[in-house]
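Take a look at the structure below.
We're numbering straight along the sequence, starting at 1. In what follows, every heavy atom counts, from backbone to side chain, and hydrogens, waters and symmetry copies are set aside. These numbers were taken from a predicted model, which means no experiment stands behind them.
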Amino acid sequence: MSQTPDQLVPDESGYVATADGDQNLNLPAHRTRRMRLYVRRFWRNKPAVVGLGVFAFLVLCSLVGGRFTPFRYTDMDFGALGAQPGTPGSVVRPDGTLVNATHLLGTNSGGIDVFAMLMHGIGRSMTIAVSVSLVTTLFAAFISALAAYLAGLTERIVLAVINFLLILPSFLLMALIANHYSGAWQMLIVVMIVFGWMYPARVIWSLSTSVREREYISAARFMGARGPSVVIRHMVPNIGSLLVIQFTLGVVSTVMTETGLSFLGFGVKIPDVSLGTMLQSGVSAISSTPWLFWFSAGTLTLLTVSVALISDGLRDALDPNSAAGGRA
């Protein structure tokens with residue numbers, strides 16, 4: 001009695017045997033095994049696991065950390081200006097609400113609770129970093145892969161545009177445009193996307209030029225598939241490992257760029273808070289309120305180092321030639 005397709009069971013290699021004895025690749029099973037292999041290799045990388053734990057902790061702080069203090073990042077305690085960590089304080093809000101609590105990490109020179117600022121600043125910096133990195137990676141992947149697939153004049157034009165944008169003083173232009181819009185974080189995201197997609201695009205294009213020569217790309221072209229369809233369904237998924245690594249590296253780069261802009265006064269501005277604005281305030285008042293600088297600088301260091309460790313772990317896990325991931 002022959003087996004129906006629903007009765008076929010894949011073996012450990014991800015293949016299933018047909019009625020005539022041939023073996024066909026079971027793609028879902030094969031992809032599941034490959035994903036499990038990536039996960040095992042990643043978990044063998046202890047620094048990457050530590051980085052993932054630190055990053056998850058920071059994400060948790062940004063989501064629920066504000067619930068551990070009744071103070072808001074906009075509340076000003078005029079009775080505790082530049083107070084040290086652990087100092088009791090009280091705030092009367094515009095609606096008449098009286099808040100009495102302890103400033104866990106002290107206050108800045110304006111009487112704002114540092115813990116509340118830090119929790120909000122982590123969330124704001126991570127929102128900007130993840131949004132910019134995700135959009136730039138996806139946009140760069142599509143543009144670069146499409147240019148590599150079309151080749152010829154289209155490829156030369158796209159590369160010429162990328163090379164031209166790369167020579168522009170992007171940091172200066174981002175500072176001027178963001179400052180024009182009074183440091184609105186939404187506009188800062190847009191500006192950083194506009195001037196940040198060229199760097200990953202150049203890297204992705206170099207790999208896409210080799211992917212376009214693969215047999216499955218030629219087969220899709222022979223079957224009449226359109227360029228955007230081939231790029232989205234065949235080229236981009238096959239450079240997914242590079243995109244994942246590029247995304248994590250982009251998060252680090254975006255955090256540093258946002259911090260630099262905010263530190264110079266061109267990024268996020270008061271009353272909003274980011275790690276960059278906290279660092280700028282801490283540097284200017286390091287002699288009177290050093291805890292503001294050290295808490296913001298330490299958090300920024302944890303964020304960038306943890307993402308960098310995750311990126312290294314993903315690179316080793318997705319690279320079959322890497323010895324750091326151990327045996328399969």
Q.
Side chains of Asn163 and Arg202 only: does a donor on one sit below 3.5 Å from an acceptor on the other?
A.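 On atom types as modelled, these side chains qualify, holding a pair under 3.5 Å.
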Q. Would you say the side-chain atoms of Ser262 and Glu258 include a donor-acceptor pair closer than 3.5 Å?
A.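 Their side chains do contain a donor-acceptor pair, which is all the 3.5 Å distance test asks for.
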**Q.** side-chain contact (heavy atoms from CB on, under 4.5 Å) evaluation trace for Phe266 with Leu188
**A.** CA-CA 9 Å; Phe266 298 112; Leu188 186 60; over 6 Å; no
Looking only at heavy atoms, what is the nearest atom pair of [X] and [Y], with distance?
X: Val236; Y: Ala145; result: CG2-CB, 4.3 Å
X: Ile143; Y: Val158; result: CG2-CG1, 3.8 Å
X: Asp75; Y: Arg72; result: OD2-N, 2.9 Å
X: Val203; Y: Ser206; result: O-OG, 2.5 Å
X: Phe42; Y: Ala317; result: N-CB, 3.8 Å
X: Val252; Y: Thr304; result: CG2-O, 3.9 Å

Donor-acceptor check, side chain of [X] to backbone of [Y], threshold 3.5 angstrom: yes or no?
X: Arg212; Y: Ala148; value: yes
X: Thr97; Y: Arg93; value: no
X: Ser311; Y: Val307; value: no
X: Thr289; Y: Ala285; value: yes
X: Ser281; Y: Met278; value: no
X: Asp77; Y: Ser90; value: yes
X: Ser62; Y: Val59; value: yes
X: Thr259; Y: Val255; value: yes
X: Thr136; Y: Ser133; value: yes
X: Thr277; Y: Ser274; value: yes

Between [Y] and [X], is there a side-chain heavy-atom distance shorter than 4.5 Å?
X: Ile112; Y: Thr107; answer: no
X: Phe195; Y: Leu173; answer: yes
X: Leu303; Y: Met126; answer: yes
X: Val91; Y: Met76; answer: no
X: Thr154; Y: Ile157; answer: no
X: Glu155; Y: Thr209; answer: yes
X: Leu279; Y: Leu275; answer: no
X: Ile204; Y: Leu242; answer: yes

**Q.** Audit row: Asp316, Arg41, salt bridge (Lys or Arg N to Asp or Glu O under 4.0 Å) steps and yes/no
**A.** CA-CA 8 Å; Asp316 293 335; Arg41 288 171 61 88; over 6 Å; no
Q.
Working note: Trp205 + Ile162, criterion side-chain contact (heavy atoms from CB on, under 4.5 Å); need CA distance, chi angles, decisive distance, verdict.
A. CA-CA 11 Å; Trp205 169 82; Ile162 292 175; 5.9 Å; no
Q | Aromatic contact, Phe71 with His103 (centres under 6.0 Å) | A |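 That pair passes the under 6.0 Å test.
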**Q.** For Phe247, the option from Val244, Ile245, Leu243, Val251 that meets side chain to side chain contact (heavy atoms under 4.5 Å, CB included)
**A.**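 Exactly one pass, corresponding to Val251.
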Q: Test Leu314 against Tyr38 for side-chain contact (heavy atoms from CB on, under 4.5 Å), laying out the working first.
A: CA-CA 8 Å; Leu314 289 173; Tyr38 293 156; over 6 Å; no
From [atom1] ([X]) to [atom2] ([Y]), nearest 0.5 Å:
X: Leu300; Y: Leu58; atom1: CG; atom2: CG; answer: 10.5 Å
X: Ile122; Y: Phe57; atom1: CD1; atom2: CZ; answer: 8.0 Å
X: Asp113; Y: Met119; atom1: CG; atom2: CE; answer: 10.0 Å
X: Phe164; Y: Leu159; atom1: CZ; atom2: CG; answer: 15.0 Å
X: Met235; Y: Ser144; atom1: CE; atom2: OG; answer: 9.5 Å
X: Thr74; Y: His120; atom1: OG1; atom2: NE2; answer: 9.0 Å

Hydrophobic clusters here meaning ILVMFWY residues chained together by side-chain heavy-atom distances under 4.5 Å, can you tell me if [X] and [Y] are in one?
X: Leu302; Y: Phe55; result: yes
X: Leu176; Y: Leu264; result: no
X: Leu172; Y: Met198; result: no
X: Val64; Y: Val114; result: yes
X: Leu309; Y: Leu52; result: no

(Q) The criterion is salt bridge (Lys or Arg N to Asp or Glu O under 4.0 Å); which residues satisfy it with Asp272, sequence neighbours excluded? (A)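 Applying salt bridge (Lys or Arg N to Asp or Glu O under 4.0 Å) to Asp272 gives Arg124.
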Verify the neighbour count for atom [atom1] of [X]: are there more than 12 heavy atoms of other residues, nucleotides or ligands below 6.0 Å?
X: Gln84; atom1: CD; result: no
X: Phe68; atom1: CZ; result: no
X: Trp43; atom1: CH2; result: no

Q: Classify the ring geometry between Phe139 and Trp197 as parallel (under 30°), tilted (30 to 60°) or perpendicular (over 60°).
A: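 Phe139 vs Trp197 ring planes: perpendicular.
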